[in-house]
**Student:** 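My questions all concern the structure below.
Naming: A, B, ... by sequence-line order, numbering from 1 per chain.
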Number of protein chains: 2
Amino acid sequence: MTESIRATEEAAPSSTSSASSLRIAVLDRDSGFIQVLSKRLDRLGWEHRVLGSPVPTDAVASMRLSALVVDLAVLGPQAWEWLERLCGALPELGVVVCTGPSTVAQRVRGLRLGADDWITKPCHPEEVIARVQGVARRRRRPTSRTESKPMMAGEVEIRSDRFQAFVDGHSLDLTRREFELIELLAAAEGRVLEREEIYSRLWGYAMVRGDRSVDVFVRKLRQKLEKASPQWRYIHTHFGIGYRFAAESLEVVGLDVPSSVPVGWNTGDQSELTGTQQDRELAAGAL
Amino acid sequence: MTESIRATEEAAPSSTSSASSLRIAVLDRDSGFIQVLSKRLDRLGWEHRVLGSPVPTDAVASMRLSALVVDLAVLGPQAWEWLERLCGALPELGVVVCTGPSTVAQRVRGLRLGADDWITKPCHPEEVIARVQGVARRRRRPTSRTESKPMMAGEVEIRSDRFQAFVDGHSLDLTRREFELIELLAAAEGRVLEREEIYSRLWGYAMVRGDRSVDVFVRKLRQKLEKASPQWRYIHTHFGIGYRFAAESLEVVGLDVPSSVPVGWNTGDQSELTGTQQDRELAAGAL
DNA sequence: TTCTCCTGTGAACATCCTGTGACCATTTGC
DNA sequence: GCAAATGGTCACAGGATGTTCACAGGAGAA
């Protein structure tokens, strides 16, 4: 089998968009605490930044955080006011107060003002993380399929909120599996996905050798794409490996290389992949 | 599919923290704690009940709680398992663990399993209340009834303040569940809602595989809608996924030319109107 | 080149999904 | 308490979807 392609291909599906990665900020001056916490956050792969002094609400807003960990001591006498303003202005932001010893009244006040949790120092970074995670988990309500913007590739629009793909506003009438397949392929646009990976991500378990389900669904998808968008090719076969999604127009006659229109947010590195001749030849016959 | 008919716009999900009356349960045996807490809850006007021993998940579900305060000590060695099952089945329920001294690892475990907060006894009832309030505040998603404007879709007017839908000023006589269903669907107008999501948002806990309740209520709803507004179709089935709410008119544009078929609707659709409602777009090429 | 393996394809087959009516349990109103 | 309304379960039927199979032709390797 052509090891060359296998090598260029991304080894790990890694992406694992299981949403466990968060973006948070820590407003604190306790260097020891920050250091330990940052280390843990790094290891988790969470984006994070440390703020040494109070920042205005709109600055926090522009960071697009999942959650903010704040030591009220840093805020000084303006703490309550700042907290109230922040929570009022950014109701979607998770706010975790992590501060020194406090009275019940203070904690109640903080929580009433909009804080989502209150941790008393000294505390273990793991507990901070667990609580931040809990806050973010609860916050993230509407982010299921609602907010996911539709993907465009060539003439095809893939709308997750409708479990359907459209060309020129006209539905492709994809079944559920067909849609899951095109969604998966399009999300990995430009990358070659192995059959085994496609299968395991759609069916949820490992593919048995010889199973042709993926091929069959690729054919169904190609048929529907061909019918709705005859001037484009979307799914390209990589012999011995799997499939790659990339919208390529057939209309360009004067060029030896078909123009490729990638989806906006995913920077596919198809350059190295298209270098192999297998792709060229198969792509001609394939949709 | 006709994108054109979008009668209402999404109401802003700005859930206010106003409606402060909650329904909670306390699973604990610490009589002193219970007594003090109950007193405070009474004064706040929160509905609450005290449970002395572990109850099965579906029993908790039937209580329709906003939040549950639980001392893990009552649960004994099964505590983690119980907690995990509960939080898994009732993702909408706020769970506040309020228990004796614990290790960091225990707290992290509890929070990871789905608990929304963890309070260490001894604690002040006011803090318990503040944290329960915080949890419930974040959990609550439905827009408050009084503020939400009535929704219009096709000929149907959905009035949340009356828990009822109307056509031409005439009530559809929807039952509570039927109304909750149409309200949910209409609020997500144009989007496909999965059966599991519909179920969990109406019933408050996870749908078991094979449950047909959603289908049955969709049928009841369709019957009443069909009777009151025969010229429109509102609920569309998406095979293998769920349902989508969108008002679509069946009315022939030119009544003086009855023989003409409206653009976008084939004869198959028309002929089926007399019989069972096969308005399912998945079957029709008109999508 | 030949040979072997892989993929495209159409169709048959099995499975799952949904609409539907009937039935039972529980709640609500009187 | 009774009766009606409401919520929920069940089984059946028809159809949409998913899976398997056999065959043909192409791609890669020796």
**Student:** Please report the distance, rounded to the nearest Å, between CZ in B:Arg177 and P in D:dG8.
**Tutor:**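 Atom CZ in B:Arg177 sits about 4 Å away from atom P in D:dG8.
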
**Student:** Figure out the CD/P separation between B:Glu178 and D:dT6, and round it to whole Å.
**Tutor:**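 Value for this atom pair: 8 Å.
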
**Student:** Does the side chain of B:Tyr234 reach to within under 4.5 Å of the side chain of B:Val156, using non-hydrogen atoms?
**Tutor:**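 Yes, side chains in contact.
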
**Student:** Whole angstrom is fine here: how far is it from CZ in A:Arg195 over to P in C:dC5?
**Tutor:**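 After rounding, the reported distance stands at 16 Å.
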
**Student:** Any protein N or O atoms within reach of nucleotides 20-24 of chain D? Criterion: under 3.5 Å, listing atom names and distances.
**Tutor:**
residue, atom, partner, partner atom, Å
D:dT20, OP2, A:Asp211, OD2, 3.4

**Student:** Going by an N to O cut-off under 4.0 Å, is there a salt bridge joining B:Glu194 and A:Arg176?
**Tutor:**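 Yes, this pair counts.
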
**Student:** May I ask you to evaluate whether B:Thr237 reaches the phosphate of C:dG19, defined as a side-chain N or O under 4.0 Å from OP1 or OP2?
**Tutor:**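 Checking C:dG19 against B:Thr237, a side-chain N or O does come within under 4.0 Å of OP1 or OP2.
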
**Student:** Tell me whether the OP1 or OP2 atom of C:dG10 has a side-chain N or O from A:Gln223 closer than 4.0 Å.
**Tutor:**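 For C:dG10, OP1/OP2 do have a side-chain N/O of A:Gln223 under 4.0 Å.
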
**Student:** What one-letter contact string describes nucleotides 25-30 of chain C from 5' to 3', where B marks a base within less than 4.0 Å of any protein heavy atom, S marks contact via sugar-phosphate atoms alone, and - marks no contact?
**Tutor:** ------

**Student:** Whole Å only: how far is the CZ atom of A:Arg176 from the P atom of D:dG18?
**Tutor:**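 Atom-to-atom, A:Arg176 to D:dG18, this comes out as 9 Å.
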
**Student:** Is any side-chain heavy atom of B:Leu193 closer than 4.5 Å to a side-chain heavy atom of B:Leu184?
**Tutor:**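 Of all side-chain heavy-atom pairs linking B:Leu184 with B:Leu193, at least one is under 4.5 Å.
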
**Student:** Taking B:Glu180 first and then B:Arg201, would you say they form a salt bridge - that is, a charged N and a carboxylate O separated by under 4.0 Å?
**Tutor:**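 No, B:Glu180 and B:Arg201 are not salt-bridged.
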
**Student:** Does a nitrogen or oxygen in the side chain of B:Trp203 sit under 4.0 Å from OP1 or OP2 of D:dG8?
**Tutor:**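 Answer is yes, contact under 4.0 Å.
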
**Student:** List in chain and number order the residues that pass side-chain contact (heavy atoms from CB on, under 4.5 Å) with B:Asp215, two or more places apart in sequence or in another chain; answer none if no residue qualifies.
**Tutor:**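 B:Asp215 satisfies side-chain contact (heavy atoms from CB on, under 4.5 Å) with B:Arg195, B:Arg212, B:Tyr243 once adjacent residues are dropped.
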
**Student:** Send over the distance from B:Phe239 CZ to D:dG18 P, rounded to a whole Å.
**Tutor:**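 So the two atoms are 8 Å apart, to the nearest Å.
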
**Student:** How about A:Thr237 and A:Arg222: does a side-chain donor come under 3.5 Å of a side-chain acceptor?
**Tutor:**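 The criterion, which ignores hydrogens and geometry beyond distance, is satisfied for A:Arg222 and A:Thr237.
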
**Student:** Round to the nearest Å and state the distance from B:Tyr205 atom OH to D:dG7 atom P.
**Tutor:**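 Atom OH in B:Tyr205 sits about 13 Å away from atom P in D:dG7.
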
**Student:** Pick one: which of A:Leu185, A:Ile235, A:Val192 meets side chain to side chain contact (heavy atoms under 4.5 Å, CB included) with A:Arg244?
**Tutor:**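 One option only clears the test, and that one is A:Val192.
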
**Student:** Taking C-beta and beyond as the side chain, do B:Ile24 and B:Val132 meet within less than 4.5 Å on heavy atoms?
**Tutor:**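 A side-chain contact under 4.5 Å exists here.
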
**Student:** For B:Phe217 and D:dT6, what is the distance between atoms CZ and P respectively, to the nearest whole Å?
**Tutor:**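 Value for this atom pair: 11 Å.
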
**Student:** Do B:Arg233 and B:Glu226 come within less than 4.5 Å of each other through their side chains, counting heavy atoms only?
**Tutor:**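 Yes, side chains in contact.
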
**Student:** Expressed in angstrom and rounded to an integer, what is the separation of B:Lys220 atom NZ from C:dT18 atom P?
**Tutor:**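 In whole Å, C:dT18 P lies 18 Å from B:Lys220 NZ.
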
**Student:** State whether B:Tyr243 places a side-chain N or O below 4.0 Å from either non-bridging phosphate oxygen (OP1 or OP2) of C:dC17.
**Tutor:**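 No, no such contact exists.
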
